[in-house]
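Reviewing the structure listed below.
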Amino acid sequence: MKKGFIERTLANLLSASEYAATAEDMAASRGLLQAIDPRIKVAGLFGLIVAVAASRRLWVIEAIFVFSVMLALSSQIKLARLLHWFWIPVLFFTGTLALPAIFLTPGRPVASLRGIYVTVQGIRTASFLISRAEAASTLSALLVLTTPWPWILKSLRTFRCPIVMVAILGMTYRYIFVILRTAFEMFESRKSRTVGTLEPRERRRLAASAAGVLLSKSLHLAGDVHLAMQSRGFRGEIYIMQDFRATFRDWWWLAAFTTLIAVSFWCGR
């Protein structure tokens, strides 16, 4: 039978929760990147992202992308998940932005479509944009999928990132799941009181009212949580029980990341 509006919404909310649970399972697994000190991963992967953004040579970006894929395989991350979670969405979004550059960038034409010319420079510009986006998203995915979120926040504070930024990231991550749970409970209670399939007009009214109620609940909850955290002495600093201790292997990885970043900057000039 064809699913109704409420059923589809519940399925999407459950899928979002399953994605987060899968990411936490991968971060707790025994892979190559999972065993590295979080501070080394943050410094190394962010450095590679900067190298990708600054590179002026396409083959350097592609080499970093291949290296990130090898790291993913060594960290027990399936390529199918990267494909569905990151590569296809990034390709769709970035490709939409890069497509006009193929026709609008002036240069040497290689083909024409009803008076609109495709230029070599346009293809090169689009290739750079898509390659950079895919490589950067893969490196970011490696960090998120192989490191628990509190460890990432603590690593950012190690590098003197502002407390405000780290606190916003931590609260945003937490509130995503709080809002998802609240929305799921709202739609589940509505489904238990609904018989049959809703009409299009009723579905639109339900979506609008649910969005308003969810916004009101989230604002009220944010105020309560802020007062509760202040009463318990929270001032924005991230504290976790895990203490970071770099081993010889971690220092070796830091040297490897540093060398790769330096070579990427040198070759990508």
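Remember, predicted model here, so these are calculated numbers, not experimental data.
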Worksheet item: Hey, what do you get for CD1 (Ile64) to CG (Leu260), rounding to the nearest 0.5 Å?
Response: 6.0 Å

Item to complete: Taking Arg57 for its side chain and Cys267 for its backbone only, find out whether a donor-acceptor pair lies under 3.5 Å.
Response: yes

Worksheet entry | Contact summary for Phe257 and Gly44, nearest pair of heavy atoms | CG-CA, 3.6 Å

Fill in: By side-chain contact (heavy atoms from CB on, under 4.5 Å) - contacts of Thr119 (at least two apart)
Thr105, Gln121

Practice prompt. Taking all heavy atoms of Ser68 and all of Leu142, pick out the closest pair and write down the distance.
Written response: O-CD1, 3.5 Å

Worksheet item: Are Leu73 and Phe67 linked, directly or through other ILVMFWY residues, by side chains that come within less than 4.5 angstrom of each other?
Response: yes

Worksheet item: Does a side-chain heavy-atom distance below 4.5 Å link Phe65 with Leu139?
Response: no

Practice prompt. Drop me the distance from Ile130's CD1 to Ile61's CD1, to the nearest 0.5 angstrom.
Written response: 11.5 Å

Worksheet item: Leu143, Leu169: one ILVMFWY side-chain cluster at the under-4.5 Å cut-off?
Response: yes

Worksheet item: Is the number of heavy atoms from other residues, nucleotides or ligands under 6.0 Å of Phe92 CZ greater than 12?
Response: no

Worksheet item: For Pro38 and Trp151, which heavy atoms make the closest approach, and how far apart are they?
Response: CG-CE3, 3.6 Å

Discussion item. Within this structure, what is the CG-CD1 distance for the pair Leu48 and Ile261, rounded to the nearest 0.5 Å?
Written reply: 4.5 Å

Worksheet item: Is there a donor-acceptor pair closer than 3.5 Å between any side-chain N or O of Ser55 and the backbone N or O of Ala51?
Response: no

Worksheet item: Taking atom CG of Leu71 and atom CD1 of Ile36, what is their separation to the nearest 0.5 Å?
Response: 7.5 Å

Item to complete: May I ask whether Leu79 and Leu32 are part of the same hydrophobic cluster, defined by side-chain heavy atoms of I, L, V, M, F, W, Y residues being less than 4.5 angstrom apart, directly or through others?
Response: yes

Fill in: Cluster check Val52, Val69: I/L/V/M/F/W/Y, side chain < 4.5 angstrom
yes

Practice prompt. Run the ring-centre check on Trp252 versus Phe248 and record whether the distance is less than 6.0 Å.
Written response: no

Worksheet item: Between Pro162 and Arg157, what is the shortest heavy-atom contact and its length?
Response: C-NH1, 4.1 Å

Worksheet item: Considering residues at least two apart in sequence or located in another chain, which fulfil the side chain to side chain donor-acceptor pair (under 3.5 Å) criterion with Thr258?
Response: none

Fill in: CG-CE distance between Leu153 and Met165, expressed to the nearest 0.5 angstrom
9.0 Å

Worksheet item: Partners of Asp37 by salt bridge (Lys or Arg N to Asp or Glu O under 4.0 Å), sequence neighbours excluded?
Response: Arg39

Worksheet item: Taking all atoms of both residues into account, what is the closest heavy-atom pair of Ile152 and Val144, and its distance?
Response: CD1-CA, 4.2 Å

Worksheet item: Taking only residues at least two apart or on different chains, which pairs with a member in residues 125-150 satisfy side-chain hydrogen bond (donor to acceptor under 3.5 Å, both in side chains)?
Response: Lys41-Thr147, Trp87-Thr138

Item to complete: With rounding to the nearest 0.5 Å, note down the distance linking NZ in Lys154 to OG1 in Thr158.
Response: 7.0 Å

Discussion item. Between Trp85 and Leu145, is the side chain to side chain contact (heavy atoms under 4.5 Å, CB included) condition met? List the steps.
Written reply: CA-CA 11 Å; Trp85 290 4; Leu145 296 178; 4.1 Å; yes

Item to complete: Give a yes or no on whether Leu99 and Phe93 share a hydrophobic cluster (residues Ile, Leu, Val, Met, Phe, Trp, Tyr; joining criterion: side-chain heavy atoms under 4.5 Å apart).
Response: no

Discussion item. Once side-chain contact (heavy atoms from CB on, under 4.5 Å) is applied, do any residues pair with Arg124, and if so which ones, sequence neighbours excluded?
Written reply: Phe128

Fill in: For the student: nearest non-hydrogen atoms of Ala35 and Asp250, plus distance
O-OD1, 4.0 Å

Worksheet item: Does Phe46 have any ring pair (Phe, Tyr, Trp, His ring centres under 6.0 Å) partners at least two apart in sequence or in another chain, and if so, which?
Response: none

Discussion item. Quick check with a 6.0 Å cut-off and a 45 degree axis cone: is Arg269 positioned over the face of Trp266's six-membered ring?
Written reply: yes

